[in-house]
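Source: prediction; values computed, not measured.
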Amino acid sequence: AYVFSVCLLGERATIKKSMALLLCIGGTFLVSVLAKPNQPISLDSIDLMTFAAAILFGLWEVLYKRFVVGENSTTLLLLFIYGSYGIAHLFLFWVFLWPLNQLQIEMFSLPSKDQIGLILVNMFLASMFNCSFFTALALLDSPVFVSIACLLTIPTTTLVDYIRFHKNLSSLEIVGGVMIIVGFLLFSVACGPKT
């Protein structure tokens, strides 16, 4: 998102922003890759697909900011775009149920009462996240700031795992989480008081 923002939105690249971004990337790497000492570090097709998805998501954020959000964009247009994602999910994702079930790759069964409750809670939280995310993209100057803010879920999740499930934290998870938080704060300062 940073490279695309500089190229397509004219966002000013600065040393503070670059250092903040490197801190966040390094912290994410520590938490997600190095903090698992029993697992060998390897690169497979899933990792490459995830990397490609991250690049495409960063491009999408910048294109959304450049072409959809603007001075002439009405609230109704933005709400239409929010809703179109839900409609696309409704009409596209369920299509894969039948072939996956028929080929016995993954068997489909109706959810239990407990699962329906979890699905409803998840739907509500996902809607709130999307609404907040799209609003932040619309209101804030830098889509990179929004991306880095989303990375704060990593140390938050790690902390909740520690408090709620008594999961032992490795020193790399702690250092990585602190790096993400410091990177976010540094990027906030580099963006200025308007952001």
Side-chain angles (χ1 to χ4, degrees), residues 1-3 5 14-58 60-61 82 85-86 89 93 106 109 111-137 139-140 142-193 195:
Y2 188 52
V3 172
S5 286
T14 65
I15 292 174
K16 278 185 184 176
K17 286 181 181 179
S18 300
M19 290 302 299
L21 190 64
L22 288 175
L23 272 171
C24 289
I25 291 170
T28 303
F29 185 76
L30 284 178
V31 172
S32 62
V33 177
L34 296 182
K36 298 173 180 74
N38 298 334
Q39 297 175 358
I41 297 173
S42 64
L43 188 65
D44 59 15
S45 60
I46 301 297
D47 296 322
L48 295 175
M49 286 173 41
T50 304
F51 182 71
I55 290 172
L56 289 173
F57 188 73
W60 172 86
E61 282 181 295
Y82 301 162
Y85 288 108
H89 292 170
F93 289 152
E106 187 168 332
S109 62
S112 67
K113 275 185 179 180
D114 292 338
Q115 289 172 327
I116 288 174
L118 288 173
I119 289 169
L120 292 174
V121 168
N122 188 44
M123 286 169 43
F124 173 76
L125 293 175
S127 296
M128 292 299 99
F129 171 79
N130 282 332
C131 191
S132 301
F133 181 77
F134 281 111
T135 303
L137 276 177
L139 297 177
L140 299 176
S142 174
V144 183
F145 182 77
V146 178
S147 291
I148 289 177
C150 287
L151 287 178
L152 292 174
T153 59
I154 296 171
T156 303
T157 303
T158 305
L159 188 61
V160 168
D161 282 347
Y162 174 73
I163 293 169
R164 176 74 173 96
F165 302 108
H166 308 293
K167 179 185 176 253
N168 291 331
L169 299 180
S170 71
S171 57
L172 291 175
E173 286 175 306
I174 294 168
V175 170
V178 169
M179 286 173 67
I180 292 169
I181 293 167
V182 169
F184 169 76
L185 295 173
L186 184 59
F187 201 89
S188 299
V189 170
C191 284
T195 303

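Nearest heavy-atom pair across Ile181 and Pro155 is CG1-CG, 4.0 Å. Closest approach of Ser5 and Val144 over heavy atoms only: OG-CG2, 3.4 Å. Considering all non-hydrogen atoms of both residues, Ser142 and Cys191 come closest at CB-SG, 4.5 Å. Residue Pro143 comes nearest to Glu61 through the heavy atom pair O-OE2, 3.7 Å, listed as atom of the first residue, atom of the second, then distance.
Within a 6.0 Å sphere centred on CE of Met49, heavy atoms belonging to other residues, nucleotides or ligands number 12 at most. Surrounding NZ of Lys16 are at most 12 heavy atoms belonging to other residues, nucleotides or ligands under 6.0 Å away.
Annotation: the span from Thr50 atom OG1 to Ile55 atom CD1 amounts to 11.5 Å, rounded to 0.5 Å. To the nearest 0.5 Å, atoms CZ (Phe57) and OG (Ser147) are separated by 6.5 Å. With rounding to the nearest 0.5 angstrom, the CD1 atom of Ile154 is 11.0 Å from the CD atom of Glu173. Of the inter-residue distances, the one linking Leu120 atom CG with Met123 atom CE reads 5.5 Å to the nearest 0.5 angstrom. Atom CD1 of Ile148 is separated from atom CD1 of Ile25 by 8.0 Å, given to the nearest 0.5 angstrom. Of the inter-residue distances, the one linking Leu125 atom CG with Leu118 atom CG reads 10.5 Å to the nearest 0.5 angstrom.
No side-chain heavy atom of Ile174 sits under 4.5 Å from any side-chain heavy atom of Tyr162. Inter-residue side-chain proximity for Cys24 and Phe187 is flagged as unmet; no heavy-atom pair is nearer than 4.5 Å. Using a 4.5 Å heavy-atom cutoff, the side chains of Met179 and Leu30 are in contact. Residues Phe129 and Cys150 have side chains in contact (heavy-atom distance under 4.5 Å, counting atoms from C-beta outward).
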